[in-house]
Trainee: 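Before we start, here is the structure in question, set down as structure tokens.
Indexing begins at 1, ligand by ligand and atom by atom, following the structure's order. Note that the coordinates shown come from a computational prediction; the quantities given were computed from them, not determined experimentally.
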Amino acid sequence: MIALESKNIVKYFQKKKETSWALNQVNLQIRQGEIFGLLGPNGSGKSTFIRIASTLLVPEKGNMSVFGYDVVKESQKVQRLINRVSVEASFFRMLSPMENLLFSAGLYGLSKKEAIKRINEICETIGLEKKRMHDRIKDFSRGMQQKVAIARAFLTNPPLMLLDEPTTGLDPRAKREVQQLVTDMNSRYGMTILLTTHDMDEAERLCQRVAVIHKGEIMVTGTPEHLIQIQESKTANPTLEDVFLAYTGLTFSQVETEGVGV
Ligand SMILES: Nc1ncnc2c1ncn2[C@@H]1O[C@H](COP(=O)(O)OP(=O)(O)O)[C@@H](O)[C@H]1O
Ligand SMILES: [Mg+2]
């Protein structure tokens with residue numbers, strides 16, 4: 001079964017008199033149960049794609065469906081099947097992670113007992129210390145807040161999880177913990193996960209298949225192993241980083257510093 005299908009999706013933004021293309025004829029199929037990576041430099045259209053999938057933006061052209069439901073015409077059905085984590089997560093900042101998580105769990109109809117069990121399970125994997133679960137979120141570091149946002153999204157067990165740069169800005173240890181949660185949720189619950197990243201090590205570690213996006217266009221799609229194999233005719237002992245650079249025409253220092261937004 002197909003979890004997410006994008007057919008010829010086009011999205012542009014009007015900036016004063018200029019039109020800037022965010023997505024240009026994007027075709028993708030994400031299968032149920034897979035971890036799929038959308039890889040691209042800043043400004044390549046990753047967040048726009050995720051926002052359309054999560055019904056926050058409407059495309060100019062094309063169709064997108066989640067488990068067969070159209071993201072525009074059947075947006076409420078889609079909303080019940082997905083959850084999204086992005087860098088701009090919002091909380092009740094004067095409340096604790098525990099209170100925030102219990103509130104969300106309540107909205108989704110989980111019993112308190114069930115919620116606490118899942119919260120403990122997730123927080124242990126993700127390295128959220130029990131003793132800090134009752135402090136106010138406003139005093140947390142950005143990395144810690146990001147972990148709480150990720151914990152909250154996973155709490156409800158959505159069939160399709162959309163993670164927009166889930167590990168950007170995290171220290172190496174926190175990065176590993178979040179990656180562990182992603183693989184756990186995928187293997188334990190068969191959750192389909194679409195994540196965006198420009199960390200090729202992460203993509204290789206987590207994703208069964210990836211697509212490279214550049215300037216709103218999908219350049220190539222496949223398993224990391226297959227894409228590396230194709231690259232062998234052009235580079236000696238290629239890595240996924242070489243594949244990424246070949247399709248985006250950038251050097252890695254440019255990837256880190258160029259482009260717009262996150
Ligand atoms: N709300 C917006 N208004 C105007 N332009 C936007 C908006 N959101 C995204 N864009 C433009 O669309 C392109 C893709 O952006 P985005 O999807 O955020 O890329 P990424 O997440 O890969 O960094 C960029 O050129 C960006 O400037
Ligand atoms: Mg982005």
Side-chain angles (χ1 to χ4, degrees), residues 4 6-28 30 35-64 66 71-72 75 82-90 142-143 145-147 149-150 153 160-170 175 178-179 182 193-203 206-207 209-221 227 240-241 243-262:
L4 185 149
S6 168
K7 283 190 195 157
N8 300 318
I9 285 287
V10 172
K11 178 74 198 172
Y12 49 80
F13 294 99
Q14 211 75 40
K15 277 186 202 160
K16 295 194 179 138
K17 283 184 184 154
E18 268 179 47
T19 305
S20 76
W21 292 85
L23 296 173
N24 192 5
Q25 302 282 342
V26 170
N27 289 297
L28 276 184
I30 297 164
I35 305 181
F36 190 98
L38 187 58
L39 319 179
N42 287 339
S44 56
K46 303 182 297 299
S47 296
T48 303
F49 187 84
I50 296 256
R51 287 195 192 109
I52 293 173
S54 50
T55 79
L56 296 170
L57 278 180
V58 173
E60 261 69 48
K61 286 188 199 151
N63 298 96
M64 201 188 288
V66 170
V71 297
V72 178
S75 58
I82 57 153
N83 215 329
R84 160 180 168 265
V85 183
S86 71
V87 281
E88 74 269 15
S90 57
R142 213 183 67 77
Q145 293 191 14
Q146 200 165 329
K147 280 186 175 181
I150 290 166
L160 174 64
M161 178 63 88
L162 305 165
L163 301 174
D164 195 2
E165 298 197 24
T167 64
T168 297
L170 294 182
K175 219 174 216 202
V178 169
Q179 290 169 353
V182 170
I193 296 168
L194 166 61
L195 66 90
T196 72
T197 185
H198 44 69
D199 178 337
M200 294 306 117
D201 174 58
E202 171 165 290
L206 295 182
C207 303
R209 289 195 308 137
V210 299
V212 177
I213 186 169
H214 182 45
K215 296 185 177 166
E217 295 187 16
I218 301 292
M219 310 303 288
V220 70
T221 307
L227 300 189
L240 196 57
E241 236 167 63
V243 173
F244 182 88
L245 297 176
Y247 284 100
T248 56
L250 298 169
T251 64
F252 246 82
S253 60
Q254 282 175 307
V255 174
E256 301 286 315
T257 56
E258 262 193 7
V260 273
V262 275

Trainee: List every atom of ligand 1 that sits less than 4.0 Å from any heavy atom of Ser44, numbering the atoms from 1 in the order shown and giving each element.
Mentor: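 Numbered from 1, ligand 1 contributes 19 (O), 20 (P), 22 (O).
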
Trainee: Looking at Lys175 and Asp199, is there a salt bridge between them, counting it only when a charged N and a carboxylate O are closer than 4.0 Å?
Mentor: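 Here Asp199 pairs with Lys175 in a salt bridge, since their nearest N and O are under 4.0 Å apart.
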
Trainee: Counting only nitrogen or oxygen atoms and a 3.5 angstrom limit, does Asn42 reach ligand 1?
Mentor: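 For ligand 1, there is no N or O atom that lies under 3.5 Å from one belonging to Asn42.
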
Trainee: Identify which of Leu38, Leu39, Thr48 has a heavy atom lying nearest to atom 17 (O) of ligand 1.
Mentor: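 It is Thr48 whose heavy atom sits nearest to atom 17 (O) of ligand 1.
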
Trainee: Under a 3.5 Å cutoff, is there a donor and acceptor pairing between the side chains of Gln179 and Glu202?
Mentor: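 Glu202 and Gln179 do have a side-chain donor-acceptor pair below 3.5 Å.
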
Trainee: Between Ile193 and Val182, which heavy-atom pair has the shortest distance, and what is it?
Mentor: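 Of all heavy-atom pairs spanning Ile193 and Val182, the closest is CD1-O, 3.5 Å.
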
Trainee: Which atom pair, heavy atoms only, marks the closest approach of Lys46 to Leu39?
Mentor: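 Lys46 and Leu39 have their closest heavy atoms at CD-C, 4.3 Å.
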
Trainee: Can you confirm, on distance only, whether ligand 1 has an N/O atom lying under 3.5 Å from any N/O atom belonging to Trp21?
Mentor: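 N/O-N/O distance below 3.5 Å does not exist for this pair.
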
Trainee: Within the 4.0 Å heavy-atom shell around Pro41, which atoms of ligand 1 are there?
Mentor: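 Those atoms are 22 (O).
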
Trainee: Under 3.5 Å between some N or O of ligand 1 and some N or O of Arg51?
Mentor: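 No, no N or O pair falls under 3.5 Å.
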
Trainee: Less than 4.5 Å apart, side chain to side chain, heavy atoms only: is that true for Lys61 and Asn8?
Mentor: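 No, their side chains stay 4.5 Å or more apart.
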
Trainee: Identify which of His198, Lys46, Glu165 has a heavy atom lying nearest to atom 22 (O) of ligand 1.
Mentor: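 Answer by nearest heavy atom: Lys46.
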
Trainee: Considering all heavy atoms of both residues, which atom of Lys11 and which atom of Val58 are nearest to each other, and what is their separation?
Mentor: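 Nearest heavy atoms, Lys11 then Val58: NZ-O, 2.9 Å.
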
Trainee: Is the distance between the Mg ion (ligand 2) and the nearest N/O/S atom of Ser47 smaller than 2.8 Å?
Mentor: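 For Ser47, the answer is yes, given that an N, O or S atom comes within less than 2.8 Å of the Mg ion (ligand 2).
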
Trainee: Mark yes when over 12 heavy atoms from residues, nucleotides or ligands other than Gln14 sit less than 6.0 Å from its CD; otherwise mark no.
Mentor: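 Check passes, neighbour count above 12.
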
Trainee: Check for me whether Gly43 has a heavy atom closer than 4.0 Å to any atom of ligand 1.
Mentor: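 Checking ligand 1 against Gly43, which is what was asked, there is a heavy-atom contact under 4.0 Å.
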
Trainee: Has ligand 1 got any nitrogen or oxygen that is less than 3.5 angstrom from a nitrogen or oxygen of Ser47?
Mentor: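 Between Ser47 and ligand 1, an N or O pair is found under 3.5 Å apart.
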
Trainee: So is there a nitrogen or oxygen of Gly45 less than 3.5 Å from a nitrogen or oxygen in ligand 1?
Mentor: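 The answer is yes, given that Gly45 and ligand 1 share an N or O pair closer than 3.5 Å.
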
Trainee: Can you name the nearest heavy-atom pair linking Gly216 to Val26, along with the distance?
Mentor: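 Distance-wise, the nearest heavy atoms are O-CG2, 3.4 Å.
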
